[in-house]
Amino acid sequence: MRLFLDANVLFSAAHRGTGSVRIFCRLAAAGACELVSSPYAIDEARRNVARKYPGRLPDLEALVARLAVCVEATPENVAWAAGYRLPAKDAPILAAAVQAGATLLVTGDQKDFGHLYGQTLRGTQVLPPVAAIEQVIAVK
């Protein structure tokens, strides 16, 4: 199972150091899933961690080192994703997850992605972190 981690999931894992988001790393280490993200999402997480919790940047980099980094989404895929009522800043996230062949797009951004929770778009299901963890564990 391939999980695409949104910037807010990376941010939360880096700045908290514990909690549900760190479970993804343990699941990946156990072979239950593969973690992937895009340079766009990683850069957003870096900017936010640097701005709010600069001392946690090494934690973010350690997490990023465990990820597969996919290529950025094509403009055509970003345009397709924008059709799902996503802000311009979030369309590249959905587009990259789909383009990377992710089984799940994991995002805690309920404000912008909440209306897509539970939906499967071009083979990628959009879920909040806890629901994604439950799904990985159920499949394992």
Side-chain angles (χ1 to χ4, degrees):
M1 181 176 288
R2 191 165 217 217
L3 280 61
F4 185 100
L5 303 182
D6 189 5
N8 63 60
V9 174
L10 297 172
F11 173 86
S12 294
H15 103 276
R16 289 190 183 136
T18 61
S20 63
V21 223
R22 287 286 180 144
I23 293 172
F24 292 116
C25 294
R26 290 196 296 276
L27 289 168
C33 61
E34 175 189 7
L35 304 179
V36 63
S37 197
S38 66
Y40 179 86
I42 293 166
D43 288 345
E44 180 182 341
R46 278 186 183 123
R47 282 192 312 275
N48 290 332
V49 170
R51 190 175 79 245
K52 296 178 182 180
Y53 302 99
R56 299 306 293 227
L57 276 169
D59 295 293
L60 177 62
E61 296 307 326
L63 289 168
V64 168
R66 298 183 200 168
L67 300 175
V69 180
C70 66
V71 299
E72 294 293 8
T74 64
E76 296 80 17
N77 283 335
V78 173
W80 163 80
Y84 283 92
R85 297 186 339 239
L86 289 172
K89 70 176 184 63
D90 289 317
I93 299 294
L94 174 59
V98 168
Q99 188 173 300
T103 310
L104 303 177
L105 163 55
V106 184
T107 178
D109 185 354
Q110 185 172 359
K111 178 180 174 247
D112 295 327
F113 283 97
H115 68 286
L116 297 176
Y117 281 169
Q119 291 189 42
T120 301
L121 309 168
R122 292 187 178 174
T124 299
Q125 186 177 28
V126 181
L127 290 176
V130 172
I133 291 166
E134 291 170 350
Q135 187 161 333
V136 172
I137 290 171
V139 170
K140 184 181 181 220

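Throughout, numbering of the chain's residues begins at 1 and tracks the sequence.
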Same cluster or not: are [X] and [Y] linked, directly or through other Ile, Leu, Val, Met, Phe, Trp or Tyr residues, by side-chain heavy atoms under 4.5 angstrom apart?
{"X": "F4", "Y": "L10", "answer": "no"}
{"X": "V71", "Y": "V69", "answer": "no"}
{"X": "L57", "Y": "F11", "answer": "yes"}
{"X": "V106", "Y": "F113", "answer": "no"}
{"X": "V36", "Y": "V78", "answer": "no"}

Is the backbone of [Y] close enough, under 3.5 Å, to the side chain of [X] for a donor and an acceptor to pair up by distance?
{"X": "E72", "Y": "S38", "value": "no"}
{"X": "H115", "Y": "Y84", "value": "yes"}
{"X": "R2", "Y": "A100", "value": "yes"}
{"X": "N8", "Y": "G108", "value": "yes"}

Kindly compute the distance separating [atom1] ([X]) from [atom2] ([Y]), expressed to the nearest 0.5 Å.
{"X": "Q119", "Y": "Q125", "atom1": "CD", "atom2": "CD", "answer": "9.5 Å"}
{"X": "L121", "Y": "L105", "atom1": "CG", "atom2": "CG", "answer": "9.0 Å"}
{"X": "I137", "Y": "Q135", "atom1": "CD1", "atom2": "CD", "answer": "11.0 Å"}
{"X": "S12", "Y": "D6", "atom1": "OG", "atom2": "CG", "answer": "9.5 Å"}
{"X": "R122", "Y": "Q99", "atom1": "CZ", "atom2": "CD", "answer": "10.0 Å"}
{"X": "D109", "Y": "I93", "atom1": "CG", "atom2": "CD1", "answer": "9.5 Å"}

Within 6.0 Å of CD in Q110, more than 12 heavy atoms from elsewhere: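 No - once you tally the heavy atoms of other residues, nucleotides and ligands closer than 6.0 Å, there are 12 at most.
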
More than 12 heavy atoms of other groups within 6.0 Å of R51 CZ: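 Counting neighbours around CZ of R51, more than 12 heavy atoms of other residues, nucleotides or ligands fall under 6.0 Å, so yes.
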
Compare all side-chain heavy atoms of [X] with those of [Y] and state whether any distance is below 4.5 angstrom.
{"X": "L35", "Y": "R66", "answer": "no"}
{"X": "K89", "Y": "Y40", "answer": "yes"}
{"X": "V136", "Y": "L3", "answer": "yes"}

Whether Y53 and H15 hold their rings parallel, tilted or perpendicular, with breakpoints at 30° and 60°: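 Parallel.
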
Given D90, L94, T107, the one that forms side-chain contact (heavy atoms from CB on, under 4.5 Å) with D112: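 Passing option: D90.
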
Of all heavy-atom pairs between [X] and [Y], which one has the smallest distance, and what is that distance?
{"X": "T124", "Y": "A102", "value": "OG1-O, 2.6 Å"}
{"X": "P129", "Y": "V9", "value": "CG-CG2, 4.2 Å"}
{"X": "A7", "Y": "A41", "value": "CB-O, 3.3 Å"}

Steps toward side-chain contact (heavy atoms from CB on, under 4.5 Å) verdict (L116, L86): CA-CA 10 Å; L116 297 176; L86 289 172; 4.1 Å; yes

Counterpart residues, side-chain contact (heavy atoms from CB on, under 4.5 Å), relative to A79 (two or more places apart):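 Result, side-chain contact (heavy atoms from CB on, under 4.5 Å) vs A79: none returned.
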
